[in-house]
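Here the structure is laid out as structure tokens; the discussion comes afterwards.
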There are 2 protein chains.
Amino acid sequence: MTGHTQSPDPTLDPELCPVHRSLEIVGDRWTMLILRRALLRGTTRFADFRDGLHIAPNILTDRLGKLVDEGIMERHGYREPGSRERFEYVLTEAGREFNMLVSALAGWGAKNRPLENSRRVDAYTLDDQRPVELAYVTPEGERVDPQRVSTRRRDLGDNPR
Amino acid sequence: MTGHTQSPDPTLDPELCPVHRSLEIVGDRWTMLILRRALLRGTTRFADFRDGLHIAPNILTDRLGKLVDEGIMERHGYREPGSRERFEYVLTEAGREFNMLVSALAGWGAKNRPLENSRRVDAYTLDDQRPVELAYVTPEGERVDPQRVSTRRRDLGDNPR
DNA sequence: TCACCTAAGTAGATTTTTGCAACTCAGGTG
DNA sequence: CACCTGAGTTGCAAAAATCTACTTAGGTGA
């Protein structure tokens, strides 16, 4: 009998679930596309994001502003010879750590929505350019197939509510 | 002088970037929250998603329908003793593979938005319950710190456009 | 000096998507 | 036969995204 009183579900509160906290930042239609472009192409400038993504400038302003507020990007002035000062948006350390998220998205898409002429999204070590992959590993360093991995919370019993 | 004519940027087309193809599916404010609940709590029923996420039923209908159309969930009839047939939404293999994405989101959130009382999101092997983590690894099985990994495309030179 | 250029935005009208609340529908129970 | 429950549907209001045009600040060339 699960005659439980509906406790105020704690997973509701974004504060209590790290997945939800991340999604508060990147869970809209544009932010992750902006970060992908920054991570995969090194884009930093307003006009390059705007033209490359075909995003409306007011939306881009809003999203870049939020990313700066969140400490994911920094707005830096720069000056090219013979131009006035302009601004660029560069990833912070926290922003660069979205590379695992980009790799996870790329991995899912490549496997589950394969396409003949699709571009590859590779990852490699910065120092010596060795290829790396995103994978589940045990503390002993053994790779485990994602299909053999569960993220199910064990403190819930089998109550899915 | 980069007097090149603006070639129709190929990364624009979602068809050509696996990250974009994934985001076409999970790049909105609700879909990933639904998948998180399915993966972390094993939720399958309409009312449990609705009440657990505080999502409007019309939005939930729409998102579950899309997930079914995309082959990420399957709508199954079930019957509890003394009830009529009802329906549940269960993850397919493609859907379960979003566990890496959930782990990536959880990893970013836990590291970059740490919070005292936050719930942990762990992953473990299905067969013998050993803990696993999401990590970048070389083909030889060496773990590499995400800050030492780049996902930058090398075929672009340093043109970020 | 002045017309023109560029990058980085703002501003306002329109369209689309969400959110909310109430209602429906189908079958089962007392 | 009145009521219950889960799985939705419908209609309207509110919020967000989109499209387009305009602004701003400084630099260049004539």
Side-chain angles (χ1 to χ4, degrees), chain A residues 1-6 12 14 23-34 37-38 43-69 73-90 159-161, chain B residues 1-6 12 14 23-34 37-38 43-69 73-90 159-161:
Chain A
M1 235 159 295
T2 56
H4 53 282
T5 52
Q6 195 68 330
L12 268 181
L23 286 173
E24 293 273 298
I25 297 170
V26 298
D28 72 279
R29 249 187 303 283
W30 283 114
T31 304
M32 205 55 222
L33 288 171
I34 292 169
R37 206 165 174 94
T43 301
T44 57
R45 298 183 188 179
F46 190 92
D48 290 339
F49 284 115
R50 185 195 56 204
D51 300 343
L53 295 171
H54 289 192
I55 182 177
N58 50 348
I59 306 293
L60 182 56
T61 298
D62 178 78
R63 295 304 188 274
L64 289 174
K66 282 179 180 164
L67 287 170
V68 169
D69 291 346
M73 289 185 137
E74 280 173 350
R75 186 172 183 267
H76 289 147
Y78 71 97
R79 178 183 290 268
E80 286 193 342
S83 292
R84 70 181 167 117
E85 182 179 44
R86 301 194 187 279
F87 301 96
E88 61 182 353
Y89 296 86
V90 304
N159 184 348
R161 265 158 264 275
Chain B
M1 231 161 295
T2 56
H4 54 280
T5 53
Q6 196 68 331
L12 267 181
L23 286 173
E24 293 273 296
I25 296 170
V26 298
D28 72 280
R29 248 185 301 283
W30 283 113
T31 303
M32 206 55 223
L33 288 171
I34 292 169
R37 207 165 173 94
T43 301
T44 57
R45 298 183 186 180
F46 191 92
D48 290 339
F49 284 115
R50 185 195 56 204
D51 300 342
L53 295 170
H54 289 193
I55 181 177
N58 51 345
I59 306 292
L60 182 56
T61 299
D62 179 77
R63 296 302 189 276
L64 288 174
K66 282 179 179 164
L67 287 170
V68 170
D69 291 346
M73 289 185 138
E74 281 174 349
R75 186 172 183 265
H76 288 148
Y78 71 96
R79 178 183 289 268
E80 284 192 342
S83 292
R84 70 182 168 116
E85 182 179 43
R86 301 193 188 281
F87 300 97
E88 60 181 355
Y89 296 85
V90 303
N159 184 349
R161 265 158 263 273

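Here is how names work: the chains are called A, B, and so on, in the same order as the sequence lines, proteins then strands, and each is numbered from 1.
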Tell me: [atom1] of [X] to [atom2] of [N], nearest whole Å?
X: A/Asp28; N: D/dA16; atom1: CG; atom2: C1'; result: 11 Å
X: A/Ile55; N: C/dA8; atom1: CD1; atom2: P; result: 14 Å
X: A/Asn58; N: D/dC22; atom1: CG; atom2: P; result: 16 Å
X: B/Arg45; N: D/dA7; atom1: CZ; atom2: P; result: 7 Å
X: B/Phe49; N: D/dG8; atom1: CZ; atom2: P; result: 12 Å
X: B/Leu60; N: C/dA21; atom1: CG; atom2: P; result: 17 Å
X: B/Arg29; N: D/dA14; atom1: CZ; atom2: C1'; result: 13 Å
X: B/Leu33; N: C/dG19; atom1: CG; atom2: P; result: 11 Å

Exactly one of B/Arg75, B/Glu88, B/His76 clears side chain to side chain donor-acceptor pair (under 3.5 Å) with B/Thr44, and that residue is B/Glu88
Nearest to the side chain of [X] - [options]?
X: B/Trp30; options: C/dG9, D/dA17, C/dT18; answer: C/dT18
X: A/Tyr89; options: C/dG9, D/dA25, C/dG28; answer: C/dG9
X: A/Phe46; options: C/dA8, D/dG8, D/dA17; answer: C/dA8
X: A/Arg84; options: D/dG6, D/dG27, C/dA21; answer: D/dG27

Review point. A/Ala56 near the nucleic acid: base, sugar-phosphate alone, or nothing, with a heavy-atom cut-off under 4.0 Å?
Key: base
Take A/Tyr89 and A/Arg45 through the test side-chain hydrogen bond (donor to acceptor under 3.5 Å, both in side chains) and record every step on the way to the result.
CA-CA 6 Å; A/Tyr89 296 86; A/Arg45 298 183 188 179; over 6 Å; no
Distance col, row B/Arg161:CZ vs A/Asp51:CG, nearest 0.5 angstrom, shows 9.5 Å
Rounded to the nearest 0.5 Å, the CH2 atom of A/Trp30 sits from the CG atom of A/Leu53 at a distance of 6.0 Å
Here the residues of residues 74-83 of chain A within 4.0 Å heavy-atom distance, strictly under, of DNA chain D are A/Arg79, A/Gly82, A/Ser83
Note to self: Can you confirm whether B/Met73 sits close enough to B/Leu64 that some side-chain heavy atom of one is under 4.5 Å from a side-chain heavy atom of the other?
What the structure shows: yes
Is there a donor N/O on one and an acceptor N/O on the other, under 3.5 Å, for the side chain of B/Asp51 and the base of D/dG6? no
DNA chain D nearest-nucleotide lookup for B/Phe87 and A/Arg86: closer to the 5′ end is B/Phe87
Practice task
With salt bridge (charged side-chain N to carboxylate O under 4.0 Å, His left out) as the test, would you mind laying out the steps for B/Asp28 and B/Arg63 before giving the verdict?
Solution key: CA-CA 10 Å; B/Asp28 72 280; B/Arg63 296 302 189 276; 3.0 Å; yes
